2 protein chains.
Amino acid sequence: MMVDGVPYRTIWLAQEGEGAGWQVEIIDQTRLPHIFETVRLTNLDDAAHAIRAMLVRGAPLIGATAAYGVALAMRADTSDDALDQACETLLATRPTAVNLGWALAEMQAHLRNRPRDQRAAAAYARAVEICDEDVAICEGIGRNGLALFEDIWTAKGQQGRLNVLTHCNAGWLATVDWGTALAPIYMAHDGGIPVHVWVDETRPRNQGAALTAWELGKHGVPHTVIVDNAGGHLMQKGEVDLCITGTDRTAANGDVCNKIGTYLKALAAHDNGVPFYVALPGPTIDWEMPDGNAIPIEERDPAEVSCIEGRLADGTTAPVQLTPDASAAANYAFDVTPARLVTALVTERGVCAASTDGLANLYNKEKNA
Amino acid sequence: MMVDGVPYRTIWLAQEGEGAGWQVEIIDQTRLPHIFETVRLTNLDDAAHAIRAMLVRGAPLIGATAAYGVALAMRADTSDDALDQACETLLATRPTAVNLGWALAEMQAHLRNRPRDQRAAAAYARAVEICDEDVAICEGIGRNGLALFEDIWTAKGQQGRLNVLTHCNAGWLATVDWGTALAPIYMAHDGGIPVHVWVDETRPRNQGAALTAWELGKHGVPHTVIVDNAGGHLMQKGEVDLCITGTDRTAANGDVCNKIGTYLKALAAHDNGVPFYVALPGPTIDWEMPDGNAIPIEERDPAEVSCIEGRLADGTTAPVQLTPDASAAANYAFDVTPARLVTALVTERGVCAASTDGLANLYNKEKNA
């Protein structure tokens with residue numbers, strides 16, 4: 001998407017200077033929203049660091065960065081040992097990231113039985129493909145979501161603006177381009193629908209206030225940041241035409257596991273008759289998970305709740321503590337929104353009911369007896 | 001309640017040193033939770049500043065401070081002009097605070113027709129009474145809420161701990177002592193029920209993370225701070241036995257207007273069969289307001305959303321900016337929780353259904369036709 005009028009992806013091959021055509025560039029997302037800075041990755045360690053230190057985040061982008069990490073490793077050493085070592089190093093950066101494992105398995109399969117003198121070129125080619133495939137999936141989600149937006153905009157008589165509420169960051173910064181939940185927003189905006197986005201700040205890590213607000217702003221999409229407490233009131237007042245979020249993991253019955261707080265917004269949408277859509281790439285459906293109850297919910301560092309980072313008056317960033325020293329904090333990273341609260345799932349293959357039948361039909365899966 | 005083993009109210013007559021018996025002491029709540037500091041009010045301007053700069057906050061405490069402000073003014077000058085001037089000055093500090101107007105009207109009525117040489121003593125006496133009346137109301141709320149807590153604790157088989165979720169600060173810091181929603185929590189804790197409180201941080205002003213966590217901790221009540229997004233997940237997992245919040249304004253039909261985000265927690269409680277109680281002093285019932293729809297919702301400074309204050313590593317406090325410079329923010333202060341989501345209202349007169357009949361019976365009001 002655009003950054004001040006210049007089109008960007010979140011990861012790309014360097015186009016200029018020494019290393020053009022083989023070094024990899026990324027946006028350092030840890031510095032957003034206050035500083036926009038790109039970083040060059042010139043070797044395996046750079047790529048591993050970028051994932052580990054969360055310069056890149058979001059499942060698809062982590063996978064793409066890992067693929068490029070293997071390519072950078074192959075450029076230095078095309079041996080089997082180097083390939084194994086690269087995959088091992090990269091896998092250890094964020095062991096629970098599903099896309100990371102998938103991308104590394106892809107690279108292994110693509111390179112393993114190939115002559116050594118072809119491995120580097122093949123690695124770059126496959127990394128490029130992985131990125132393009134992700135962009136294609138997100139474009140598909142965007143097109144399918146756009147049709148829903150157009151229907152709601154028409155039903156509203158094309159009056160005023162189309163108010164969309166989103167939670168967390170399911171934007172292009174989390175993917176290679178377009179994003180998932182934000183893809184239809186960009187397409188609607190680019191297509192002339194006057195979209196306005198209510199951006200949940202998304203405590204504790206504030207991916208909404210920091211990343212969603214930044215990327216919408218840079219592309220020129222009107223938006224307003226709100227605290228996570230505000231969405232229910234806005235829906236009561238008719239200020240939200242639809243909600244759309246991403247999901248980290250979708251159970252076979254359509255239950256969605258997404259950033260903590262998603263469930264509360266889905267409840268409010270249901271209570272006020274506001275459509276609640278969830279955007280997802282097919283590969284994040286967990287067909288082995290019959291429903292959301294069994295999905296384990298990660299508990300993260302309580303310091304993410306008790307402290308928050310922001311920009312001081314002098315322009316530097318620093319963490320500040322919010323709670324008394326003596327108070328405990330707890331940090332649940334995700335919650336499960338039951339399928340009954342989800343109006344529809346928006347995938348690259350189309351839109352379907354959040355149900356076992358809906359998903360199974362779309363992906364031609366045999367239903368469980 | 002207790003602060004490190006010493007009993008405190010939020011406002012009291014100085015007991016020691018010069019000014020003992022007529023100067024007024026308060027806790028500077030702007031410095032909490034990081035610094036506990038008391039401040040002496042020696043004249044009208046001190047009292048006005050304390051309200052205006054929010055060293056004191058919470059409707060009952062604002063009223064009590066205003067009453068003492070009039071007493072301090074009378075000590076300096078007992079003329080009618082001085083009385084009028086004091087009331088005018090104090091009313092202008094926070095013009096929308098209902099209790100402020102009420103307390104000043106009380107003081108006027110109490111002093112106006114009294115000989116000048118009796119006014120100062122009468123003013124102090126009435127201010128003390130206003131404080132004691134507030135304490136009695138909160139004690140009543142606490143006793144009536146305690147009975148509900150005991151029932152739930154019994155129904156739970158007195159196993160484990162009694163998990164209570166609260167939003168914002170409806171504690172003793174907002175009143176003279178006990179608080180409203182927190183009064184039954186203190187009584188249950190003091191009475192030996194192993195209460196544990198989930199404290200919503202309550203963005204944007206973080207009254208939960210800063211004030212509720214501080215006062216519970218100082219009294220010794222086990223508690224855990226969570227982000228506002230987390231309560232729904234905890235209720236899904238059976239980790240909340242009941243919710244209790246305060247309310248700024250209660251409509252005649254039992255709709256409650258409270259801190260933004262209360263509605264979302266009430267939805268989650270309803271969806272998970274968790275009792276959702278709202279604690280209130282009778283005087284905050286707005287008998288002229290038939291339901292919550294017409295209650296105007298204050299929009300506050302967007303900077304409360306885009307920035308937050310906390311403690312830096314060096315121990316000083318500072319605001320940090322969370323959002324991109326170019327992003328707008330919106331700051332709705334309250335929302336309305338419909339009576340259908342409120343299990344019961346807890347008042348100083350007893351517990352009643354959140355309904356026109358429930359409230360009218362409790363307060364012997366004639367119902368509207």
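No experiment lies behind these values; they were computed from the predicted model shown. Order of the sequence lines sets the chain letters (A, B, ...), proteins ahead of strands, with each chain counted from 1.
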Participant: Count the heavy atoms of every other residue, nucleotide or ligand shown that sit under 6.0 Å from NE2 of B:His196, and state whether that count exceeds 12.
Facilitator: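 More than 12 heavy atoms, drawn from other residues, nucleotides or ligands, come within 6.0 Å of this atom.
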
Participant: Just by distance, with hydrogens left out, do A:Asn258 and A:Thr247 show a side-chain donor and acceptor under 3.5 Å apart?
Facilitator: no

Participant: Check whether any side-chain N or O of A:Asp228 sits under 3.5 Å from a backbone N or O of A:Thr202 as a donor-acceptor pair, and report yes or no.
Facilitator: yes

Participant: Counting heavy-atom pairs closer than 4.5 Å to chain B, which one of A:Cys307, A:Pro324, A:Pro338 comes out on top?
Facilitator: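 With the most close heavy-atom pairs to chain B, the winner is A:Pro324.
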
Participant: Please classify the contact between A:Leu211 and chain B as side chain, backbone, both or neither, with a heavy-atom cut-off of under 4.5 Å.
Facilitator: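 Neither part; nothing is under 4.5 Å.
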
Participant: For A:Ile297, is it the side chain, the backbone, both, or neither that has a heavy atom closer than 4.5 Å to a heavy atom of chain B?
Facilitator: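 For A:Ile297, the contact with chain B is made by the side chain alone.
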
Participant: So which of A:His167, A:His270, A:Gln236 has the biggest tally of heavy-atom pairs under 4.5 Å with chain B?
Facilitator: A:Gln236

Participant: With a 4.5 Å limit on heavy-atom distance, are the side chains of B:Asn331 and B:Arg300 in contact?
Facilitator: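 In short, these two side chains touch, coming nearer than 4.5 Å.
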
Participant: Between A:Leu264, A:Val199, A:Val336, which shows the greatest number of heavy-atom pairs under 4.5 Å with chain B?
Facilitator: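 Among the listed options, the one with the most contacts to chain B is A:Leu264.
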
Participant: Side chains of A:Pro204 and B:Glu201: closer than 4.5 Å at any heavy-atom pair?
Facilitator: no

Participant: Given the options B:Ala313, B:Ala209, B:Pro302, which has more heavy-atom pairs under 4.5 Å with chain A than any of the others?
Facilitator: B:Ala209

Participant: Could A:Arg31 and A:Trp214 be counted as a cation-pi pair, given that NZ or CZ must be under 6.0 Å from the ring centre and within 45° of the axis?
Facilitator: no

Participant: Once the angle between the rings of B:Tyr186 and B:His219 is folded into 0 to 90°, is it parallel (under 30°), tilted (30 to 60°) or perpendicular (over 60°)?
Facilitator: perpendicular

Participant: Among A:Ala230, A:Ala333, A:Ala328, A:Ala318, which has the most heavy-atom pairs under 4.5 Å with chain B?
Facilitator: A:Ala328

Participant: Quick one: which of A:Asp271, A:Asn206, A:Ile226 has the most heavy-atom pairs under 4.5 Å with chain B, could you say?
Facilitator: A:Asp271

Participant: Pair A:Arg249, A:Asp255 - check salt bridge (Lys or Arg N to Asp or Glu O under 4.0 Å), show working.
Facilitator: CA-CA 9 Å; A:Arg249 200 164 170 180; A:Asp255 288 353; over 6 Å; no

Participant: Side chain, backbone, both or neither: which part of A:Glu304 has an atom under 4.5 Å from a heavy atom of chain B?
Facilitator: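 Neither part.
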
Participant: B:Thr323, B:Val225, B:Leu312, B:Leu267: which one forms the most heavy-atom pairs within less than 4.5 Å of chain A?
Facilitator: B:Val225

Participant: Name the region of A:His223, side chain, backbone, both or neither, that has any atom closer than 4.5 Å to a heavy atom of chain B.
Facilitator: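 For A:His223, backbone and side chain are both near chain B.
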
Participant: At a 4.5 Å cut-off on heavy atoms, which part of A:Lys259 comes close to chain B: side chain, backbone, both, or neither?
Facilitator: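 Interface part for A:Lys259: neither.
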
Participant: Do A:Lys265 and A:Asp335 meet the salt-bridge criterion of a basic N to acidic O distance under 4.0 Å?
Facilitator: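 Not counted as a salt bridge, because no side-chain N and carboxylate O are separated by less than 4.0 Å.
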
Participant: Only pairs of heavy atoms separated by less than 4.5 Å count here; which of A:Ala326, A:Gly232, A:Gly217 has the most with chain B?
Facilitator: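 Of A:Ala326, A:Gly232, A:Gly217, A:Gly232 has the most heavy-atom pairs under 4.5 Å with chain B.
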
